[in-house]
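Worksheet for the structure shown next.
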There are 2 protein chains.
Amino acid sequence: MKVISDDIISFFNPQSLAIVGASRNFRKWGAIILHNTLLGGYQGRIYPVNPGEKDIFNVPVYPRLSDIPEIVDLVVIVVPAQNVMSVLEEVQQLGIRACVVITAGFSETGESGRKLEQEIGLFARRHGIRLMGPNCMGLISMIPQRLTVLMPAIVPEPGPVSIISQSGNVGYSLVRALTRRGLGICRSISSGNEADLSTVDFLHYLGEDPETELIISYIEGVDDGRALLDTLKRVNRKKPVVVLKSGSTGAGASASASHTGSMTGREDVYHAAFWQTGALRARGIEEVEDFATVLCAQPRPTGRRVGVLTLGGGWGVLAADALERAGLEVVPLSSETVATLDTLLPPWWSKGNPVDTVAGMKEGALFECLKTLLACEYIDSVMLLGVGYGTVRGSAIKDSPYSDLYDMRKLGEIFIKADEEMARGIAELMNTFQKPIVPVVDQGIIDQRGSFVEALQENGILLLPSPLRGANALAALTRYGEYLSRI
Amino acid sequence: MKVISDDIISFFNPQSLAIVGASRNFRKWGAIILHNTLLGGYQGRIYPVNPGEKDIFNVPVYPRLSDIPEIVDLVVIVVPAQNVMSVLEEVQQLGIRACVVITAGFSETGESGRKLEQEIGLFARRHGIRLMGPNCMGLISMIPQRLTVLMPAIVPEPGPVSIISQSGNVGYSLVRALTRRGLGICRSISSGNEADLSTVDFLHYLGEDPETELIISYIEGVDDGRALLDTLKRVNRKKPVVVLKSGSTGAGASASASHTGSMTGREDVYHAAFWQTGALRARGIEEVEDFATVLCAQPRPTGRRVGVLTLGGGWGVLAADALERAGLEVVPLSSETVATLDTLLPPWWSKGNPVDTVAGMKEGALFECLKTLLACEYIDSVMLLGVGYGTVRGSAIKDSPYSDLYDMRKLGEIFIKADEEMARGIAELMNTFQKPIVPVVDQGIIDQRGSFVEALQENGILLLPSPLRGANALAALTRYGEYLSRI
């Protein structure tokens, strides 16, 4: 494997940037991409290039790359396909080393496009220029420059997650999903047709990138399967890699052939091979989101034995089903644990795992139950179902049209405060016991962003939106923990 | 099967209602349930009953049921378990026929509770009183009375979906999920321990209920499996039933035994039997939501052949994978269809199914592509991926800090208007061709509720939040369509 990190850091930390093909016409990507870069608050110097403009969005425009008063770190190309080569020639003459080619109309359009793509790839390699694309959607690199030079107008919070996507649109869906979940983005790479830099190269780079703690890779197909697997294996030891592999069915493979022109490979071979790399395979955008949620926040469990603590019986049954289906064990409680829980819960509690706290619980008992389960040597992780409803009930009381009556406002506050304390308690227990605590509550309640949700998030913990999704996320986290303990 | 509809209509259309055990202390369910009933705007007459209060929330309180100036249609009981029987005796003396017993502390708490439950069940049957519960969360019946006599403070929009849940909390999660999706609720029944009225009885009733168009049933277990299957089969011919069956694994069954005390039955037997009833089985709360979304809005397809129309290649590949995995066929396009699409799309479009419209499409072409696919005799349904981004892009341009420059505001409006027209066009085409059109877009964009989303919803069409979820929903809709055409 050649060392590429030095070459491609210019993509992710450019001090200056040129956009060739910048425009003020919003029916053209050259306008949208410049606009979105400004919108993101890019911290470097930005130079639009267009021979027919003086300024766009009050930013001075330069007729050609060579007119810019410095040698920029990164060139973003949005001119038509037939003009890309002449831009690359200028790039070469100026000694610039990094280009994002957003322009489409290459191998995805047929034989003549394929030829053009080979030519630019060859030219770049011959002159030591690295290309991202062509036919890509652009690039996000929030740390440190807040670079959002891409087609969709989206500005995520900076954070630990980086994405490599062989589809611009899927990459965009992933950024949106993770942002909505409350996860910050470090880099998002649309690798396009991969005329030069490939998914494997970017995986390698992000593996070394100190700002990236978790990598997500949407893959339709790669030329060199061996290199992909070797890279996944090496990187995944350092930080988790979640792979969304598509084109896995006949219909999908045929769709992918016309999309990226890639050979997607045989599903069974891929699956077995991925398994050995320790990379986590997600079945859809939702699972990427869920896996990332726990991988970013939670300690790595060392075994499959789960304790379930639930404020509602039905949620516990759904979770038990989902955990067992996902290969985890809803471990039976020891008589000691049952005895301890007996002191905390009403006599008719479930006396087993899931621990259904039932109604009538004393104040603070939930926290003590959680602590009891975490302290069990035979429990590796805990799912916590239905927390946060105190906040919902508290808000309903406090904001009720009847809240002037009785002590409703005060009581509402008490419920909300209790939940906030619970949230901080959960974070403390997670740190003390170094075991995962996966909290689950309805998406509708997460969306309300009550103080319970906020208090958890301040402590780095995000909620999962259903027993099923929580269970599958915990299973992925457990697979990763087991992989780490095996190597 | 005995005729129960006459008996139990009082639960769903009560002209008057007593809450026995009403309270002003918000640490008690008696306060919360009265409060939530008032909050929902119940259209009937409401009588709180409590010998120690004069009024609560400015509503006059009666010492006993017999002090109420009329014979109420429905009694809701929230007194401690040991006092329930004496309330039922009063109910019997007054000739009231319907009670919701919210009170817990019956069979779920052990032997003495089981005895008490048998006693109240026996008493009710002997005197022709019908019970919902005990140990239930209460009842929603939005049509026609806006009745929300239940523990959580939730007031859904009235609509076509009814829920029967053997877990109060799961029922609550379902109401919340459906509401969030934009679906209205007709009834939501927490059946509790089912001392008298059971899931089977409610299924039967909702099957006859003209206001209910779709039934969702969360089942842990039933006493009489044969009756359940017969009822499911009969009802499902009239309107779709979506079943969320839990307790299907060893861990789940054991959790369920301690939750509702029910024998959950053997998974393989259940699954085969459900299949024959034509009921749709959902794997989690998400699938209930997704299945309901398409079942409420979309025509029933008569076959498995799907056309996929996508504005992003990667979304199409994910959808093709998911459709094939779900048992549907991403059908090859005829040369006639390809020829028609050639006139609408740039020369390098995918030339196959999924139809990836790629960039460079002419205005209005997407609509024509959709029409072309729907008109194909060999296509039974269409998935439409990535629509609604015009609205997102339009809003980004219109609301940009740079929107004073150039024609940004005007152009933004043009993009938004085009999407609105597309939304109305989708609804028109669905009605014209009587084939399902399943539109998919990121949840984050649905959450923004742009005019595209609103225009679709005004026409009764709701969006699905990912290619995978859209594909699985379409597969369920297709199974239902096939079932209807088989019987």
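Residue numbers begin at 1 in each chain, while the letters A, B, ... track the order of the sequences.
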Exercise for review: Using atom types as modelled and distance alone, determine if a side-chain donor or acceptor of E413(B) lies under 3.5 Å from a backbone N or O of L411(B).
Suggested key: no
Point to revise | Region of F26(B) in contact with chain A, defined by heavy-atom distances below 4.5 Å | key: both
Review point. Do you know which of P152(B), G250(B), G352(B), A319(B) has the most heavy-atom pairs under 4.5 Å to chain A?
Key: G250(B)
**Study point:** Contact winner vs chain B - W315(A), F415(A), W349(A), heavy-atom pairs under 4.5 Å
**Key:** W315(A)
Practice item. Please step through side chain to side chain contact (heavy atoms under 4.5 Å, CB included) for the pair L318(B) and Y218(A), ending with a clear verdict. Key: CA-CA 10 Å; L318(B) 288 172; Y218(A) 170 72; 3.9 Å; yes
**Study point:** Ring geometry between H35(A) and F57(A) (parallel below 30°, tilted from 30 to 60°, perpendicular above 60°)
**Key:** tilted
Revision key, fill the gap. Bottom line for E329(B): the part with an atom under 4.5 Å from chain A's heavy atoms is neither
**Study point:** Most contacts with chain B, counted as non-hydrogen pairs under 4.5 angstrom, among D404(A), V330(A), I397(A)
**Key:** I397(A)
Review point. Can you find a heavy atom in the side chain of L468(B) that is under 4.5 Å from one in the side chain of E287(A)?
Key: no
Check your understanding: Considering residues at least two apart in sequence or located in another chain, which fulfil the side-chain hydrogen bond (donor to acceptor under 3.5 Å, both in side chains) criterion with D321(A)?
Key -> T249(B)
Exercise for review: Look only at the side chain of Q166(B) and the backbone of G221(B), and say whether a donor-acceptor pair between them is shorter than 3.5 Å.
Suggested key: yes
Point to revise | N353(B) (side chain) donor-acceptor with L333(B) (main chain) under 3.5 angstrom | key: no
Review point. Which atoms of I32(B) come close to chain A, meaning under 4.5 Å heavy atom to heavy atom: side chain ones, backbone ones, both, or neither?
Key: side chain
Check your understanding: Can you say whether L244(B) sits under 4.5 Å from chain A via the side chain, the backbone, both, or neither, judging by heavy atoms?
Key -> side chain
Study note, to complete from the structure: chain B shares the most heavy-atom pairs under 4.5 Å, among L38(A), N25(A), L385(A), with L38(A)
**Study point:** Side-chain donor/acceptor of D442(B) to backbone N/O of G444(B), under 3.5 Å
**Key:** no
Point to revise | Main-chain N/O of M151(A) paired with N36(A) side-chain donor or acceptor, under 3.5 Å | key: yes
**Study point:** Segment of A177(B) engaging chain A (4.5 angstrom heavy-atom cut-off)
**Key:** neither
Check your understanding: Of the backbone (N, CA, C, O) and the side chain (C-beta and beyond), which part of I414(B) lies under 4.5 Å from a heavy atom of chain A, both, or neither?
Key -> side chain
Check your understanding: Most heavy-atom pairs under 4.5 angstrom with chain B, which of S400(A), P347(A), G386(A)?
Key -> S400(A)
Check your understanding: Is chain A contacted by the side chain of D447(B), its backbone, both, or neither, given a heavy-atom distance below 4.5 Å?
Key -> side chain
Exercise for review: Counting only heavy atoms closer than 4.5 Å, note whether M408(B) contacts chain A via side chain, backbone, both or neither.
Suggested key: side chain
Exercise for review: Would you mind telling me which of A153(B), S173(B), S395(B) has the largest number of heavy-atom pairs within less than 4.5 Å of chain A?
Suggested key: S173(B)
Practice item. Please state whether the side chain, the backbone, both or neither of V441(B) comes within less than 4.5 Å of a heavy atom of chain A. Key: neither
Check your understanding: Non-hydrogen atoms of chain A under 4.5 Å away: do they reach the side chain of R393(B), the backbone, both or neither?
Key -> side chain
Revision key, fill the gap. Counting heavy-atom pairs under 4.5 Å with chain B, the top scorer among G171(A), A251(A), G312(A), S165(A) is A251(A)
Review point. Near R305(A) CZ, under 6.0 Å, is it more than 12 heavy atoms from other residues, nucleotides or ligands?
Key: yes
Check your understanding: Quick one: what part of P332(B) sits under 4.5 Å from any heavy atom of chain A, side chain, backbone, both or neither?
Key -> neither
Exercise for review: Could you tell me whether E111(A) and R114(A) have a side-chain N and a carboxylate O separated by less than 4.0 Å?
Suggested key: yes
Review point. Got a donor-acceptor contact below 3.5 angstrom from the R24(A) side chain to the D55(A) backbone?
Key: yes
Study note, to complete from the structure: One option among P401(A), G284(A), S350(A) has the most heavy-atom pairs under 4.5 Å with chain B, and it is S350(A)
